[in-house]
Amino acid sequence: KRGDWSLTDFEIGKPLGRGKFGRVYVAREVKSQYVVALKVLFKKQIKKYNIHHQLKREMEIQTSLRHPNILRLYGWFHDDERIVLILEYAHGGELYGLLRDCTYFTEKRAATYILSLAQALAYCHEKDVIHRDIKPENLLLDHEGRLKIADFGWSVQSKNKRRTMCGTLDYLAPELVENKAHDYAVDNWTLGILCYEFLFGVPPFEAESQKDTFQRIVKVDLSFPATPQVSSEARDLITKLLVKDISKRLSLQKIMEHPWIVKNADPTGICNN
Ligand SMILES: CC[C@@H](NC(=O)c1cc2[nH]nc(NC(=O)c3ccc(N4CCN(C)CC4)cc3)c2s1)c1ccccc1
């Protein structure tokens, strides 16, 4: 099945989105009538921006991941000028679109998506994958409203150069042992940003200029608007994620066990309110 695909096997539909390096189209595989998304990247662009290694990593990583909240990469093919990724089709479109339409989510919907993200990231981290670019634009919804993380273009397989000599940590300096833990914590901070944005409709450190946003981030200049009304448990979780000291930032496991998540999140990942 893998590897013998070509564009003639698909009826191409409307464009779904466009990134810097390519476009995504909805398509139907002719024989099975199965609906997929085809991400078309031009070899010229790949050479020009020298993203060949990144694309290769994205393909290896996303093919190896199997999780209900991670968009599947079924396979790929190429011709003289294009590389085409055959991706799972997410019928609900971008989570971002939903957030824009309803300004902010209910606490149940927000908690359900944060739980799905924490579960997907815990799965990725077990497989030594750090996404590093979790943002609303990369989050899609399937036909049941289940969250799907897309676009692993910026993810990395954590450099296993840190794999210790003869399998023991005993000889590793603390900064190396620490460093490995640090790599993963970047995704946890992002969950705090997303949780805030799901509940208030804007990211926590938004500012007029990039410089101001940067300063607010490094100072962790966090404040909660009076409206919309958001529970103290929700604010507690956000406050425990947007922590500068990585060793004090809530772990994915602790996020899944947090009272606000336990009380509000739908464990099936599907939220209809
Ligand atoms: C995350 C960005 C990334 N995207 C993917 O890989 C993508 C992979 C993938 N699979 N399914 C998708 N579905 C859609 O994009 C979509 C958008 C709107 C839809 N609707 C509009 C509203 N309506 C009410 C319901 C139907 C339905 C599906 C996308 S995007 C990308 C990367 C490079 C170049 C382009 C895009």
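Just so you know, ligand 1 is whichever comes first in the structure, and atom 1 is the first atom listed for that ligand. Just so you know, these numbers use all the heavy atoms, side chains as well, and skip hydrogens, waters and symmetry mates.
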Next on the checklist: Please identify which of these residues, Leu191, Leu141, Leu194, meets the side-chain contact (heavy atoms from CB on, under 4.5 Å) condition with Tyr113.
Outcome noted: Leu141
Checklist entry - Which atoms of ligand 1 are found less than 4.0 Å from any heavy atom of Arg18? => result 34 (C), 35 (C)
Checklist entry - Tell me, which protein residue and heavy-atom name are nearest atom 32 (C) of ligand 1, and how many Å apart are they? => result Lys39 NZ, 3.5 Å
Item to check | Under 4.0 Å to a heavy atom of Tyr89 - the qualifying atoms of ligand 1, by number | outcome: 10 (N), 11 (N), 13 (N), 27 (C), 28 (C)
Checklist entry - Taking Gln33 for the side chain and Val30 for the main chain, is one N or O donor matched with an acceptor at less than 3.5 Å? => result yes
Checklist entry - Using the ring of each side chain (for Trp, its six-membered ring), is Trp189 parallel, tilted or perpendicular to Phe205, with breaks at 30° and 60°? => result parallel
Next on the checklist: Tell me the protein heavy atom at minimum distance from atom 16 (C) of ligand 1, and give that distance in Å.
Outcome noted: Gly93 CA, 3.5 Å
Run the side-chain donor-acceptor check on residues 79-88: report pairs under 3.5 Å with partners two or more places apart or on a different chain.
unit_1, atom_1, unit_2, atom_2, d
Asp79, OD1, Glu81, N, 3.1
Asp79, OD1, Arg82, N, 2.8
Asp79, OD2, Arg82, NE, 3.2
Asp79, OD2, Arg82, NH2, 3.2
Glu88, OE1, Arg72, N, 2.9
Glu88, OE2, Lys148, NZ, 3.0

Checklist entry - Among all protein non-hydrogen atoms, which one is nearest to atom 15 (O) of ligand 1, and what is the separation to 0.1 Å? => result Leu16 CB, 3.5 Å
Checklist entry - N/O to N/O below 3.5 Å, does that happen between Arg23 and ligand 1? => result no
Checklist entry - When you measure from atom 11 (N) of ligand 1 to each heavy atom in Ala90, Pro136, Ala150, Gly22, which option holds the nearest one? => result Ala90
Next on the checklist: So does Arg66 get a backbone contact from the side chain of Tyr123, meaning a donor-acceptor N/O pair under 3.5 Å?
Outcome noted: yes
Checklist entry - Parallel, tilted or perpendicular: which describes the rings of His91 and His143, with under 30° parallel and over 60° perpendicular? => result perpendicular
Checklist entry - Same cluster for Tyr104 and Leu117 if Ile/Leu/Val/Met/Phe/Trp/Tyr side chains link at under 4.5 Å? => result no
Checklist entry - Does Pro204 offer a backbone N or O that forms a donor-acceptor pair with the side chain of Arg216 under 3.5 Å? => result yes
Checklist entry - How close does the nearest protein non-hydrogen atom get to atom 10 (N) of ligand 1, and which residue and atom is it? => result Glu88 O, 2.9 Å
Item to check | Contact partition for Leu140 relative to ligand 1, non-hydrogen atoms under 4.0 Å | outcome: side chain
Next on the checklist: Which residue and atom name correspond to the protein heavy atom nearest atom 8 (C) of ligand 1, and how close is it?
Outcome noted: Leu71 CD2, 3.6 Å
Checklist entry - When you look for heavy atoms under 4.0 Å from ligand 1, do you find them on the side chain of His91, its backbone, both, or neither? => result backbone
Checklist entry - Can you tell me which residue and heavy atom of the protein come closest to atom 36 (C) of ligand 1, and the distance to 0.1 Å? => result Val24 CG2, 3.4 Å
Next on the checklist: So for atom OH, which belongs to Tyr34, do other residues, nucleotides or ligands contribute more than 12 heavy atoms lying within a distance under 6.0 Å?
Outcome noted: no
Next on the checklist: Tell me the protein heavy atom at minimum distance from atom 35 (C) of ligand 1, and give that distance in Å.
Outcome noted: Gly19 N, 3.1 Å
Item to check | Those atoms of ligand 1 less than 4.0 Å from some heavy atom in Ala37 | outcome: 9 (C), 10 (N), 11 (N)
Checklist entry - In terms of atom number and element, which parts of ligand 1 are under 4.0 angstrom from non-hydrogen atoms of Glu137? => result 1 (C)
Next on the checklist: Considering non-hydrogen atoms of the protein only, which is the closest contact for atom 22 (C) of ligand 1, and what is the distance?
Outcome noted: Gly92 O, 4.9 Å
Next on the checklist: If we ignore hydrogens and angles and just use 3.5 Å, is the side chain of Glu107 paired with the main-chain N or O of Ala234 as donor and acceptor?
Outcome noted: no
Next on the checklist: Distance under 4.0 Å to a non-hydrogen atom of Asn138: what atoms of ligand 1 satisfy this?
Outcome noted: 1 (C)
Next on the checklist: Please check: side-chain N/O of Arg249 versus main-chain N/O of Ala185, any donor-acceptor pairing under 3.5 Å?
Outcome noted: yes
